[in-house]
Amino acid sequence: MSEEPGTLERAVEATLFAAETPMGVEALAAHLGGLAPGDVREALVLLEARYRNRGIHLVERGGRWHFETAPDLAHLLRREKEQVRRLSRAATEVLAIIAYHEPVSRAEIESIRGVQTSAGTLDVLMEAGWVKPAGRREVPGRPVIYATTPDFLDHFGLASRRDLPGIDELRAAGLLDPVDEALEAAMQFEPDEDSTPDDENLAD
Amino acid sequence: MSEEPGTLERAVEATLFAAETPMGVEALAAHLGGLAPGDVREALVLLEARYRNRGIHLVERGGRWHFETAPDLAHLLRREKEQVRRLSRAATEVLAIIAYHEPVSRAEIESIRGVQTSAGTLDVLMEAGWVKPAGRREVPGRPVIYATTPDFLDHFGLASRRDLPGIDELRAAGLLDPVDEALEAAMQFEPDEDSTPDDENLAD
Amino acid sequence: MNATDQPFMFAPDAGRQDADALYLELDGWEGPLDLLLDLARRQKVDLRQISILALVDQYLNYIERAGALKLELAADYLVMAAWLAYLKSAMLLPKAEQEDPSPEELALRLQLRLQRLGAMREAAGRLMGRDRIGRDVFLRGAPEGLRTDRKTVWRSDLFSVIQAYGQVKARTAPRIYHVANRPVMTLDSALERVSSMLGVTLEWMEIRDFLPPHASPALKRSALASSFVAALELTKRGRAEIEQDGAFAPLRIRRLKDAAA
């Protein structure tokens, strides 16, 4: 600040800094011992210019003045810390079932998986933005049905759901072979899952 | 502000302006996305100079930085309601003794003041956030010892405890040494003499 | 007046002209040491140069005149008064009769304590006089505040999804169980075989001798197990006996003499 600020300018600056609410010209003039509003206005204009390139701006809203963070730095006020986590086995399975069968209700997902699905699993998929509720099935109880989102296609690099390999392709790739128990153990099944296969099979 | 401020300078400025509590260099660097502390320190030095003549100052207190109004404008800004708690004489003396002698036990405070310290006095200082227990002295009875806090430095505008008014002179004059040590020095103590003269009468 | 060379001589009546001002209740002091410090300050000299003897007199004089003291509050002050009276008399005695610690030492100790208390009282004053937040300097009235939101970003990949689906399908697919047709020697045929072979001789026979000589290893294992069970069964029926010298030693069987084949 090469140029020395005037006394009034400094006083206005400090007063607005310490103020708990924005202040109008009259209020400032009164607070500073009954100054002429014109002088205060002049100081405000000077200050406004001084702060124009700074990280803080002096702004007027509805005749009242206050300091605020420069708009281009607003992101500094609310920082997001991202924590990347890999989707759990259970969540991946539920996601896969929704992707292949959508729209499906929770009961249908459970029936396909053969195990109960904890409430948190669907929440995680919705938090990730890959799954969304898609209305209700018009059957008794009107259960919520779920479907994948455009973000799901994005994240997994799919143009459409039709790009998902079909059952025959899965079989050809050996992905339908019974899972070796040792392998299954190595993949670390979630502890709350007990593999109790169910004969009912909606996928077929 | 003729000279254009740099990006980092603006970011540090906006962050400290928006912060509700003072921030250290490390905290600033982390908030700004893992910058080098050295760069942040450089920006702080620049900013401190920029604001030196303004109505607002950037100050360092105990390694943490914050903006505050310029001290010479105090008369303009004092509110009708006193925001600062008036401390009793006992409390101010106890605070000074803790600040200049820290860490110090209650018995040591009492031996300097020559009176018992009422329970409320230390409470008031701890409630104000200026004093905190700082462990125990490893002597018989293991008394709690007290020290000042970063908020104490903040409140009294001290960059560090070295800035306590007159602390160097007091130390040089031996006035921060215990009476026994000073007495020993003054009397050119003979080693065979009883080194614990009875001073209980005075300590009452 | 400079009392440096004669620390214990009577000082002029420093306190007396202010005696009326001093004539207050003791609430105004933070204990006897505080009152002493106040009196010492009235000598208007450096604390290192005060006359202890004068100070003692001022203190005793003050206590004497402060007649209407609250007794419980006064106790500390009276104890101090008694001690100071003792100190004064010791200081006035000839050196030779002085005890240990010497009155000089006691006086010096008192002086040192007053200096320290004085230093802290002054420091407290200077501390309180600094530019204090909320009184002289002010923080921003309405800071926006900084917030850090923690957000979890989930990661997965297409292969994991497809693989998971494959595993769900594989896990829940209807299963057909095939039981392989393995070569076995049933217990019945073993019984028949062992009892007919035992009928041939009364000698001990090793159990391995009962096994079909050209059988496959799998059938041999089954035959061994079945033959063993058959031998046990025959023994139970009293038609044969079994002996073995030790664990894993050859197992031998023979027909009992009186048993009918």
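For the numbers below, each heavy atom of this structure counts, side chains included, while hydrogens, waters and symmetry mates do not. What you see is a predicted model; the values in this text were computed from it and never measured.
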B:E108 (side chain) donor-acceptor with B:S105 (main chain) under 3.5 angstrom |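 Checking the backbone N and O of B:S105 against the side chain of B:E108, a donor-acceptor pair under 3.5 Å is found.
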Applying a criterion of heavy atom separation less than 4.5 Å, what residues of residues 22-38 of chain B form contacts with chain C?
->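 Within residues 22-38 of chain B, the residues under 4.5 Å from chain C are B:M23, B:H31.
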With a 4.5 angstrom heavy-atom cut-off, which part of [X] approaches chain C: side chain, backbone, both or neither?
{"X": "B:D72", "value": "neither"}
{"X": "B:Y100", "value": "side chain"}
{"X": "B:I167", "value": "neither"}
{"X": "B:I56", "value": "neither"}
{"X": "B:H101", "value": "side chain"}
{"X": "B:I97", "value": "both"}
{"X": "B:T15", "value": "both"}

Regarding [X] and [Y], does a basic nitrogen lie under 4.0 Å from an acidic carboxylate oxygen?
{"X": "B:E48", "Y": "B:R52", "answer": "yes"}
{"X": "B:R162", "Y": "B:D168", "answer": "no"}
{"X": "B:E13", "Y": "B:R50", "answer": "no"}
{"X": "B:R89", "Y": "B:E93", "answer": "yes"}

Of all residues at least two apart in sequence or in a different chain, which pass the side chain to side chain donor-acceptor pair (under 3.5 Å) check with B:H66?
->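 B:H66 satisfies side chain to side chain donor-acceptor pair (under 3.5 Å) with B:E68 only.
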Looking at B:P71, B:P178, B:A70, B:A173, which has the largest count of heavy-atom pairs under 4.5 Å with chain C?
->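 Most pairs with chain C among the choices: B:P71.
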Pick whichever of B:A18, B:G174, B:G157 has the most heavy-atom pairs under 4.5 Å with chain C.
->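 Most heavy-atom pairs under 4.5 Å with chain C: B:A18.
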B:I112 to C:M120 - nearest heavy-atom pair and separation |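 Result for this residue pair: CG2-CG, 4.3 Å.
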May I ask you to name which of C:R116, C:E144, C:R126, C:Q115 has the most heavy-atom pairs under 4.5 Å with chain B?
->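 If we count pairs closer than 4.5 Å to chain B, C:R116 comes out on top.
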Among C:A142, C:A124, C:A119, which residue forms the greatest number of heavy-atom pairs with chain B at distances under 4.5 Å?
->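 Top count of heavy-atom pairs under 4.5 Å with chain B: C:A124.
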Do the side-chain N and O atoms of B:S160 and B:D163 include a donor-acceptor pair separated by under 3.5 angstrom?
->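 No, B:D163 and B:S160 have no side-chain donor paired with an acceptor closer than 3.5 Å.
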